2 protein chains.
Amino acid sequence: MMEKAEEILKVKGVNPTAVRILVLRYLLEHLKSQSLKDIEEGLMHTDRSSIFRSLKTFEEKKVVHSIEDGSGMIKYAVCPTGCNCDPQDLHYHFYCTKCSYTYCLLDNPIPIIKLPQNFKMQRANMVVKGLCNKCS
Amino acid sequence: MMEKAEEILKVKGVNPTAVRILVLRYLLEHLKSQSLKDIEEGLMHTDRSSIFRSLKTFEEKKVVHSIEDGSGMIKYAVCPTGCNCDPQDLHYHFYCTKCSYTYCLLDNPIPIIKLPQNFKMQRANMVVKGLCNKCS
DNA sequence: TTAAACTTTGCAATTGAGTTGCAGTATATT
DNA sequence: AATATACTGCAACTCAATTGCAAAGTTTAA
Ligand SMILES: [Mn+2]
Ligand SMILES: [Mn+2]
Ligand SMILES: [Zn+2]
Ligand SMILES: [Zn+2]
């Protein structure tokens, strides 16, 4: 029985190197989405640029999705099972302005948004901001 | 008859200094939301930090709202009339991945988003990404 | 009217996340 | 084994945002 991280990398066609396994495990172990810095601090012996490149590869191969929550740091979260990062897979995120955690709101799909003539949607970054249950 | 920029500043309780008037006029004259750099390049004789501080003041006094479109530069747009930057005043934005213009989609209000227990919404940053009419 | 108090501005310097070049190491292919 | 390819660590760099500070402008109160 292969570990979860290795399994995911195999399915998504990403070569399971040491750094990549560590980074993906770190993301899987944490409920909230993590910034490059979070991961760097969590994996104290892995270089920032290697983590960075792992995350870029993960994003490209749809292992993770990134969230621009306006905190100044991009957050990363493992894509939920079945996610292909298509518009219909998109979900809202919640950024707590107090503890600065960013959560995936997987229960609410994003509605169809009526765009002006000839505008074509590719993806979206939807962030609700406020106080999370722990901070309100 | 007072000019539009001065009028807005007066209504919103912002001291109408030279720099502030220039910055607000610049924003009013441009359809698409503008970054600090855009404004700096547009107003060639005004210092970046002064523009920056004007924008911060404007945001605080709800003269403008900012949009985090993931381009690495925060964009600013004049709040539409009647806007108070409350959750019900929020609207989606559209970021063109080709020309990197960011548009306010004022026609679609943001729907009520069901949050988990005890999560409290304060504001939101909603960005649809894709190709605009000029680029698609 | 003048002096003190407060506000705004310009300049220079700093911050910090993100990104890249490059050479060394590891892994795969012949 | 020899070669080619992929991955990693380190140091350096980029660039938007932000800040400290002193000069300039404005308001307020003797
Ligand atoms: Mn998510
Ligand atoms: Mn807008
Ligand atoms: Zn919180
Ligand atoms: Zn465009």
Side-chain angles (χ1 to χ4, degrees), chain A residues 5-6 9-10 12-27 33-61 63-77 95 100-102 125 127, chain B residues 5-6 9-10 12-27 33-61 63-77 95 100-102 125 127:
Chain A
E6 280 93 327
L9 293 177
K10 190 175 184 193
K12 302 285 173 100
V14 178
N15 200 3
T17 67
V19 172
R20 287 174 187 162
I21 290 169
L22 284 176
V23 172
L24 184 51
R25 272 194 203 154
Y26 188 85
L27 288 174
S33 53
Q34 304 284 316
S35 68
L36 175 57
K37 195 175 180 211
D38 291 336
I39 302 168
E40 191 187 0
E41 284 168 0
L43 306 177
M44 286 179 324
H45 299 92
T46 311
D47 182 71
R48 181 172 68 252
S49 62
S50 301
I51 300 171
F52 171 77
R53 286 188 268 232
S54 291
L55 290 170
K56 287 287 151 191
T57 304
F58 288 176
E59 229 183 331
E60 202 176 307
K61 296 301 184 67
V63 173
V64 305
H65 62 271
S66 63
I67 310 144
E68 294 143 7
D69 61 14
S71 66
M73 283 143 96
I74 298 167
K75 305 284 176 69
Y76 298 88
Y95 175 73
S100 79
Y101 275 154
T102 296
N125 187 65
V127 182
Chain B
E6 280 93 328
L9 292 177
K10 190 175 185 194
K12 301 286 172 98
V14 178
N15 201 3
T17 66
V19 173
R20 287 173 187 162
I21 290 168
L22 284 176
V23 172
L24 184 49
R25 272 193 205 156
Y26 189 85
L27 288 174
S33 53
Q34 304 284 316
S35 68
L36 175 55
K37 195 177 180 212
D38 291 335
I39 303 169
E40 191 187 1
E41 285 168 359
L43 307 177
M44 286 177 326
H45 300 92
T46 311
D47 183 72
R48 182 172 65 251
S49 62
S50 302
I51 301 171
F52 171 77
R53 286 187 270 233
S54 291
L55 290 169
K56 287 288 151 192
T57 305
F58 288 175
E59 230 184 328
E60 203 176 304
K61 296 300 185 65
V63 174
V64 305
H65 62 271
S66 62
I67 309 145
E68 294 142 7
D69 61 14
S71 67
M73 283 144 95
I74 299 167
K75 305 284 175 70
Y76 298 88
Y95 174 73
S100 79
Y101 274 156
T102 297
N125 186 65
V127 183

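Being a predicted model, the structure only gives us computed values, none of them experimental. Per chain, numbering begins at 1; letters A, B, ... match sequence-line order.
- For DNA chain C, none of the residues of residues 65-75 of chain B falls under the heavy-atom distance limit of 4.0 Å.
- One N or O on the side chain of B:Ser33 and one on the backbone of B:Thr102 form a donor-acceptor pair closer than 3.5 Å.
- With a 4.5 Å cut-off on side-chain heavy atoms, B:Tyr76 and B:Ser35 do not count as touching.
- Computed from coordinates, the A:Glu40 CD to D:dC10 P distance equals 11 Å when rounded to whole Å.
- Here the CD atom belonging to B:Glu59 is positioned 5.0 Å from the NZ atom belonging to B:Lys56, to the nearest 0.5 angstrom.
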Throw together a table of side-chain donor-acceptor distances under 3.5 angstrom for residues 42-51 of chain A, partners on residues two or more places apart or in other chains.
residue : atom : partner : partner atom : Å
A:Asp47 : OD2  : A:Ser49 : N            : 2.9
A:Asp47 : OD2  : A:Ser49 : OG           : 2.4

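- For A:Lys61, there are no salt bridge (Lys or Arg N to Asp or Glu O under 4.0 Å) partners, not counting sequence neighbours.
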In residues 14-24 of chain B, what donor-acceptor pairs under 3.5 Å come from side-chain atoms, sequence neighbours left out?
residue : atom : partner : partner atom : Å
B:Thr17 : OG1  : B:Arg20 : N            : 3.4
B:Arg20 : NH1  : B:Asn15 : O            : 2.9

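- Side-chain atoms of B:Leu36 and B:Met73, non-hydrogen and from C-beta on, never get closer than 4.5 Å to each other.
- For DNA chain C, the neighbouring residues in residues 46-58 of chain A, judged by any heavy atom under 4.0 Å, are A:Arg48, A:Ser49, A:Phe52, A:Arg53, A:Lys56.
- Atom CG of A:Asn125 is separated from atom CD of B:Glu68 by 9.0 Å, given to the nearest 0.5 angstrom.
- Contacts with DNA chain D (heavy atom under 4.0 Å) in residues 15-27 of chain A: A:Asn15, A:Thr17, A:Ala18, A:Val19, A:Arg20, listed by number.
- A straight line from CD of A:Glu60 to P of C:dT19 spans 13 Å, rounded to a whole angstrom.
- Rounding to the nearest 0.5 angstrom, the gap separating the CD1 atom in B:Ile39 from the CG atom in B:Leu55 is 4.5 Å.
- In this structure, the side chains of A:Arg25 and A:Glu6 come closer than 4.5 Å at one or more pairs of heavy atoms.
- Look at NZ on B:Lys61: it is 14 Å from C1' on C:dT8, rounded to the nearest Å.
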